[in-house]
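Sequence lines set the chain letters: A, B, ... in the order given, protein chains first and strands last, and positions in each chain run from 1. Worth knowing before you read on, the calculation uses all heavy atoms, side chains too, and leaves out hydrogens, waters and symmetry mates.
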Number of protein chains: 4
Amino acid sequence: MPERKGRPNLGPAAADQNRSALVSAARRIYARHGHEVPFNTIAKEAGVGQGSLYRHFPNRIALAMAVFEENFLELEELAREHAADPRCFELVFARLVRQCVDSLGFIGIIASAGRDFPLDATIGRLAAVLTGPLDRAQREGLLRDTLTIDDLLLILRMLYGTLSHGVPGDAGPTVLAQRVLDLVGLPVRVADPPPG
Amino acid sequence: MPERKGRPNLGPAAADQNRSALVSAARRIYARHGHEVPFNTIAKEAGVGQGSLYRHFPNRIALAMAVFEENFLELEELAREHAADPRCFELVFARLVRQCVDSLGFIGIIASAGRDFPLDATIGRLAAVLTGPLDRAQREGLLRDTLTIDDLLLILRMLYGTLSHGVPGDAGPTVLAQRVLDLVGLPVRVADPPPG
Amino acid sequence: MPERKGRPNLGPAAADQNRSALVSAARRIYARHGHEVPFNTIAKEAGVGQGSLYRHFPNRIALAMAVFEENFLELEELAREHAADPRCFELVFARLVRQCVDSLGFIGIIASAGRDFPLDATIGRLAAVLTGPLDRAQREGLLRDTLTIDDLLLILRMLYGTLSHGVPGDAGPTVLAQRVLDLVGLPVRVADPPPG
Amino acid sequence: MPERKGRPNLGPAAADQNRSALVSAARRIYARHGHEVPFNTIAKEAGVGQGSLYRHFPNRIALAMAVFEENFLELEELAREHAADPRCFELVFARLVRQCVDSLGFIGIIASAGRDFPLDATIGRLAAVLTGPLDRAQREGLLRDTLTIDDLLLILRMLYGTLSHGVPGDAGPTVLAQRVLDLVGLPVRVADPPPG
DNA sequence: GATGAATGAGCGTTCATTCAT
DNA sequence: TATGAATGAACGCTCATTCAT
């Protein structure tokens with residue numbers, strides 16, 4: 001007489017559903033409570049057993065990587081689509097900032113992983129998406145010539161660092177991000193968050 | 001059945017020594033491991049019992065406050081001494097940046113205290129030290145007129161945010177801080193850390 | 001790095017077993033050492049991890065409540081069964097006294113919870129079980145008319161108070177309880193404890 | 001340059017003062033918070049160093065004993081003064097009840113000392129004070145003949161037990177004590193507490 | 001594959017007791 | 001003798017991780 005109570009066991013069929021439920025639960029939870037919530041909070045929010053969480057993502061880093069993968073794909077596609085557009089840089093960077101704002105928790109996981117996580121590949125991939133658009137923007141005279149990829153990476157880090165420490169009376173993260181970009185003199189307009 | 005062996009009890013005379021031993025142990029530990037180390041790691045590093053740690057600093061925030069108090073006094077004295085100097089702003093801000101670099105862990109404590117710690121007084125005090133020097137520097141034409149106190153506070157936050165998430169292959173924090181200042185266009189030269 | 005050796009994990013199937021093991025361990029431990037033993041002594045006695053103790057009973061009060069619930073059900077059933085019996089009061093009250101003797105530790109938890117535990121509902125439920133039998137016994141002339149429900153509650157409190165402070169050379173609790181009842185002139189005979 | 005701060009060290013002269021300050025601080029504290037307050041709370045309330053507390057009373061039991069000694073002297077004197085009075089029992093017992101109400105905390109110390117404290121001597125002394133008055137009262141027909149010294153001791157225990165577990169909405173202890181005495185049929189009127 | 005109970009190491013904190021001054 | 005700082009064992013509780021079903 002199995003399955004007496006609790007969530008029904010839907011069997012293997014539910015695997016994919018569970019996986020995405022976990023990712024979006026993580027987005028919600030991390031946005032609300034930061035990345036230091038007990039790991040199984042996410043399982044609960046996703047309506048999934050704790051074992052399933054561990055099966056899909058053996059640790060927090062794996063979860064973050066999954067989100068980054070989505071983010072990268074989106075970014076790379078955007079860059080490809082607008083390769084010919086002189087304003088490509090602004091488009092891509094604005095989207096990147098948007099992602100950064102939306103994925104604070106996942107970045108936080110990586111940030112606090114320290115040497116447990118080799119950052120090089122991720123940074124390389126980020127540099128790769130940005131290089132083309134940056135060059136182009138500089139050739140068009142839309143961006144000062146002295147700005148390097150490393151500067152952009154540092155700016156991203158500043159952005160994350162600034163946003164990651166919420167303060168009671170803060171302006172919303174979008175507004176704050178815009179102020180940061182303005183202060184470093186980057187002519188990029190942060191888009192509003194997607195509705196929902 | 002306490003105190004059977006181990007550390008000798010040096011008596012009340014050691015109180016002040018212990019207090020400063022705790023503060024400097026905290027500086028060391030936080031610099032090496034971030035502000036999330038178990039609290040009593042600090043007691044161990046200071047060579048002091050856990051109870052003494054709690055006697056001197058009933059919680060992490062109290063420890064941070066003690067350090068901030070020292071920092072503020074130093075800053076306020078510096079501002080007073082150089083009130084007449086046109087380069088006062090640079091001196092004070094450079095020192096502030098230095099303190100920020102050296103006190104990352106303590107700032108981290110406050111940053112993660114959230115609503116448990118009323119930030120207003122601290123921010124007000126910071127604004128108060130900076131206002132005079134900022135005005136003066138702008139009158140002297142050493143700083144662009146559009147820069148507000150709020151911008152400075154945001155820059156400090158960016159600075160802290162950037163430094164607070166150490167990354168394996170990082171340049172030293174001093175170098176990183178300098179790059180941040182350069183990126184936001186603040187003509188301030190970060191001093192080298194005091195030896196020792 | 002949990003669960004490297006030691007107790008085997010018997011899986012969820014053991015949940016119910018564990019729960020009752022905890023309750024009966026608590027009965028044993030509280031009887032032997034009073035309700036102020038470290039909470040996880042009970043886990044150890046039950047042969048169960050500390051986490052399981054907290055899963056089943058998030059705090060001492062929850063443990064006491066579980067026992068009271070059992071006790072109340074027993075009492076209410078007894079009252080129902082013997083509703084027609086003129087000696088119903090004696091039966092019910094004797095059982096109640098028996099429970100009181102056997103559950104001293106759990107009562108102690110509640111008694112020391114102070115304002116953390118709203119006693120009203122529990123007292124109300126107790127009053128409810130006793131009212132019918134009391135009336136009946138008075139109508140039958142088996143009990144003096146002046147005795148109120150409040151008196152009964154006070155007697156119970158006296159009983160608990162008396163038993164709760166064990167004294168080295170004490171007579172057994174059953175004997176002591178009987179002496180208390182005799183002193184207050186309640187014609188109730190305390191049953192012997194159930195064997196085992 | 002001794003005595004830089006804090007309470008002045010008055011030297012040996014203050015010994016007696018300190019001792020009584022400690023006892024009356026203990027009365028206040030125990031009345032307000034029960035006997036489980038941290039031991040040095042009493043030193044603080046007395047305005048005395050923690051070392052002095054331990055010098056005068058090496059443990060809680062010693063403190064309780066000191067109070068009991070006072071109580072016994074008072075009781076014995078009262079019994080002696082009124083030896084000829086037929087109402088001696090009532091006087092003495094009422095006073096005893098009053099002491100019991102006022103010294104709940106100290107009794108609690110003893111009650112929770114278990115086997116660490118040999119109760120026999122204390123009980124013997126109590127029995128000794130009560131025997132004469134009890135006999136006399138029975139001879140006078142003021143008390144039922146069946147009442148033994150052991151009954152009286154049990155009544156005291158019931159009294160303490162009842163009062164020791166405060167309950168949020170309780171009537172004052174004096175009122176409660178009276179109800180207990182009435183329930184056990186002891187014709188004794190509990191005096192009001194001494195003012196102050 | 002999914003479920004969720006079980007495990008126990010580890011951190012924060014308190015407090016009894018000691019002891020240099 | 002008085003003072004009060006120092007010590008560290010012990011408890012409450014959380015949560016990462018494992019594993020029987």
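In this structure, A:E45 pairs ionically with A:R32, as a charged nitrogen and a carboxylate oxygen lie closer than 4.0 Å. Looking at C:R27 and C:E70, a side-chain N of the basic residue comes within less than 4.0 Å of a carboxylate O on the acidic one, giving a salt bridge. Salt-bridge annotation for D:R60 and D:E36: absent, with no side-chain N of the basic residue lying under 4.0 Å from a carboxylate O of the acidic one.
Under 4.0 angstrom from either OP1 or OP2 of E:dA2 there lies at least one side-chain N or O belonging to A:N18. For D:N59, no side-chain nitrogen or oxygen approaches OP1 or OP2 of E:dA16 to under 4.0 Å. The side chain of A:S52 places an N or O atom within less than 4.0 Å of a non-bridging phosphate oxygen (OP1 or OP2) of E:dT3. Taking only side-chain nitrogens and oxygens, D:R55 comes nearer than 4.0 Å to OP1 or OP2 of F:dA2.
The nearest whole Å value for the distance from the CG atom in D:L63 to the P atom in E:dA16 is 13 Å. Taking atom CD1 of residue B:I29 and atom P of nucleotide E:dC11, one finds them 13 Å apart after rounding to whole Å. Atom NZ in A:K44 sits about 11 Å away from atom P in F:dT14, given to the nearest Å. To the nearest angstrom, C1' of E:dT13 lies 16 Å from CD1 of B:I61. Per the geometry, CG belonging to C:D16 stands 13 Å off C1' belonging to E:dG4, to the nearest Å. Following rounding to the nearest Å, B:Q17 (CD) and E:dA20 (P) show an atom-to-atom distance of 15 Å. Across the protein-nucleic acid pair, C:F57 atom CZ and E:dA5 atom P stand 13 Å apart, rounded to whole Å. Note: CZ (D:R19) to P (F:dA2) measures 12 Å, nearest angstrom.
Listed by residue number, A:P38, A:F39 are the residues of residues 32-42 of chain A with a heavy-atom contact under 4.0 Å to DNA chain F.
In the model, B:H165 has a side-chain atom that pairs as donor or acceptor with a side-chain atom of A:S164 under 3.5 Å.
Evaluated for a side chain to side chain contact (heavy atoms under 4.5 Å, CB included) with D:Y30, the options D:I107, D:L63, D:L104 yield exactly one hit, D:L63.
To the nearest 0.5 Å, the span separating CD on C:E69 from OG1 on C:T122 amounts to 9.5 Å.
Sequence order on DNA chain F of the closest nucleotides to C:G51 and B:L53 puts B:L53 first from the 5' end. Take the nearest nucleotide of DNA chain E for B:R60 and for A:H56: the residue whose nucleotide is more 5' is A:H56.
Counting atom types as modelled, B:Q50 pairs no side-chain N or O with a base atom of F:dT7 as donor and acceptor under 3.5 Å.
Taking a pair as Watson-Crick or G-U with both hydrogen-bonding distances under 3.5 Å, the stems of three or more pairs touching DNA chain F are E:2-21 with F:2-21.
Of all the heavy atoms in B:L22 and B:A43, the pair that sits closest is CD2-CA, 4.2 Å.
The backbone N or O of C:V48 sits nowhere less than 3.5 Å from a side-chain atom of C:S52 that would complete a donor-acceptor pair.
Annotation: ring pair (Phe, Tyr, Trp, His ring centres under 6.0 Å) contacts involving residues 37-64 of chain D, sequence neighbours excluded, comprise D:F39-D:Y54.
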For B:Q50 and B:R55, what are the C-alpha separation, side-chain angles and deciding distance, and is it a side chain to side chain contact (heavy atoms under 4.5 Å, CB included)? CA-CA 9 Å; B:Q50 191 162 11; B:R55 168 182 288 273; over 6 Å; no
